[in-house]
Amino acid sequence: MNFLLLATAEESGAIALNPDILETNLINLLIVLVILFYAGRSFLGKVLTQRRAAIESAIQEATQRQQRAAEALADEQKKLAETQRECDRLRQQAEADAQKARETILAGIAADIEKLKAAANLEIATEQERVLTQLRQQVAEKALAEVRAYFARGLSDDQARTLIDRSIALLSQ
Amino acid sequence: MMLASFPTMAALEVGKHFYWQLGNLEVHGQVLIVSWIVIGVLVVASAIASRNLQTVPGGFQNFMEYALEFIQGIAKDQIGVKHYREWVPFVGSLFLFIFVSNWLGALVPWKLVKLPEGELAAPTSDVNTTIALALLVSLAYFYAGFKERGLGYFSKYVQGSPFLLPLWVIEDFTKPLSLSFRLFGNILADELVVGVFVLLVPLVVPLPVMILGLFTSAIQALIFSTLAASYIGEAMEGHGEEEHSDHHG
């Protein structure tokens, strides 16, 4: 009877609540919701935990890899700096060596030049001496030859007489 | 007296709707109300899940990311790795809307609210909703086909043999038809079966049917979105096959 009244009331009515628990299927729906909640919680809980763990481990791995990469980078950078320093040191040393070698070589060359100059001077001197002696000898030889030639021509009688006369005059003085 | 009153009080209402007048249109108000609730649930859930994003997702964010991965999986399986990304929103919206509609329809005691006419139920149990969704899928796969292949999309119709042309054309009509009626039929039938069981034996006996209903509802959402993705993938995929056959022909 009650239902009939309610039904007639609805015919006219606007939106209303239906108080009939059985007809609205409320109890069954609650049971289904509870079943769903428990079944879903265990299933979804497991899946979601696994997912979270997988993501966590992936992130951790990535972080570790990043850390390792950063460490390797720092290492290599340190090595690079060291190499650079070694490079600079080598270059400086090389420059110093080069400077030193240059000075040594220059000094050696100067000494050699001096020595050569001295040797040349000496040679020039000796050559001059030699040429002079040779010239002197040639002049002397020429003079002698002239004298010899002069003598070889001999004295004429007049000359001999004048000579003898002069010599006698000399003796008589 | 009892026999006389029984049909009145316990009749199942099918085909009665809570009409709203919008201009010249009569719309099914109860469907729109529940659709808005479904949309609201999805929007609120997305907002809550993405409000405070963590690198390591926990709780609700984790759940929603899981759902997103599931949707992406559907799209990726059917459309292929190359193009699936742009279709994830469409396919995912289909899946989520249908799934939440079905489950809210099956899990919320809508009958607590008495409308002047008709009753609140899953939007997918109204054929208008499912036809709208199926037509969206048709538009989507035509759009995908034209976007990917241009007018060459039509070569699909005469690809095997020109005699198959009518079959291909018919298929463009049967696709939305089967999509919409499969979903609508399953959900409505499930609601009717549960309703009938509740009428006959109000307690405990409907439980297996209700749980089965939850299962089929989920499967229907999966089937609808998978088929939608598969049609889209098929429309785009023909390209590679066409080139393939050109090389050998």
Side-chain angles (χ1 to χ4, degrees), chain A residues 1-70, chain B residues 1-2 4-12 18 29-30 33 54-67 69-70 103 105-120 191 194-195 197-199 201-215 218:
Chain A
M1 223 32 220
N2 210 359
F3 291 127
L4 275 177
L5 280 177
L6 201 77
T8 48
E10 282 159 17
E11 297 295 320
S12 64
I15 297 168
L17 276 183
N18 184 357
D20 187 338
I21 300 243
L22 287 186
E23 198 194 322
T24 54
N25 203 12
L26 203 57
I27 297 169
N28 288 331
L29 282 175
L30 281 179
I31 296 171
V32 169
L33 280 176
V34 169
I35 293 173
L36 200 65
F37 180 71
Y38 280 104
R41 197 174 62 165
S42 63
F43 169 72
L44 262 188
K46 206 166 64 188
V47 168
L48 292 185
T49 321
Q50 277 172 2
R51 186 173 185 274
R52 193 187 153 93
I55 290 173
E56 253 171 2
S57 71
I59 287 176
Q60 207 172 359
E61 202 178 314
T63 320
Q64 270 173 5
R65 234 181 292 159
Q66 189 197 20
Q67 209 169 351
R68 270 204 296 271
Chain B
M1 188 58 198
M2 270 303 283
S5 73
F6 191 72
T8 340
M9 108 186 178
L12 278 169
F18 177 41
Q30 86 277 14
I33 292 172
Q54 306 285 327
T55 315
V56 178
F60 198 57
Q61 187 195 343
N62 194 4
F63 172 71
M64 290 297 271
E65 282 184 6
Y66 178 68
E69 271 178 7
F70 181 75
W103 273 42
L107 289 175
V108 174
W110 295 111
K111 284 181 184 170
L112 279 176
V113 179
K114 273 276 177 188
L115 296 178
E117 205 170 3
E119 57 189 24
L120 296 176
E191 278 182 4
V194 172
F197 267 81
V198 171
L199 273 189
V201 192
L203 284 181
V204 184
V205 175
L207 277 180
V209 184
M210 289 169 77
I211 291 169
L212 187 70
L214 284 181
F215 182 67

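Below, all heavy atoms of this structure are taken into account, side chains as well, without hydrogens, waters or symmetry copies. So you know, we letter chains A, B, ... as the sequences are listed, proteins then strands, and number each from 1. Source: prediction; values computed, not measured.
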Gap separating the CG atom of A:Leu48 from the CE atom of B:Met64, nearest 0.5 angstrom: 12.0 Å
Per-residue contact mode, B:Glu69 against chain A (heavy atom under 4.5 angstrom): side chain
A:Ile31 side chain near B:Met210 side chain, heavy-atom distance below 4.5 Å: no
Residue pair B:Asn62 / A:Arg51, side-chain heavy-atom distance below 4.5 Å: yes
Heavy-atom proximity to chain B below 4.5 Å, by part of A:Leu29: both
Interface moiety of B:Val205 toward chain A, non-hydrogen atoms closer than 4.5 Å: neither
Residues forming a side chain to side chain donor-acceptor pair (under 3.5 Å) with A:Arg68, sequence neighbours excluded: none
Proximity breakdown for B:Val113 and chain A, heavy-atom pairs closer than 4.5 Å: both
Partner residues of B:Phe215 under the ring pair (Phe, Tyr, Trp, His ring centres under 6.0 Å) criterion, sequence neighbours left out: none
CZ (B:Phe63) with more than 12 external heavy atoms under 6.0 Å: no
Heavy-atom pair with the smallest gap, counting every atom of B:Pro57 and A:Ile55: CG-CD1, 3.5 Å
Stepwise side chain to side chain contact (heavy atoms under 4.5 Å, CB included) test for A:Asn28 and B:Phe197: CA-CA 11 Å; A:Asn28 288 331; B:Phe197 267 81; over 6 Å; no
Residue A:Leu36 versus chain B: region with a heavy atom under 4.5 Å: side chain
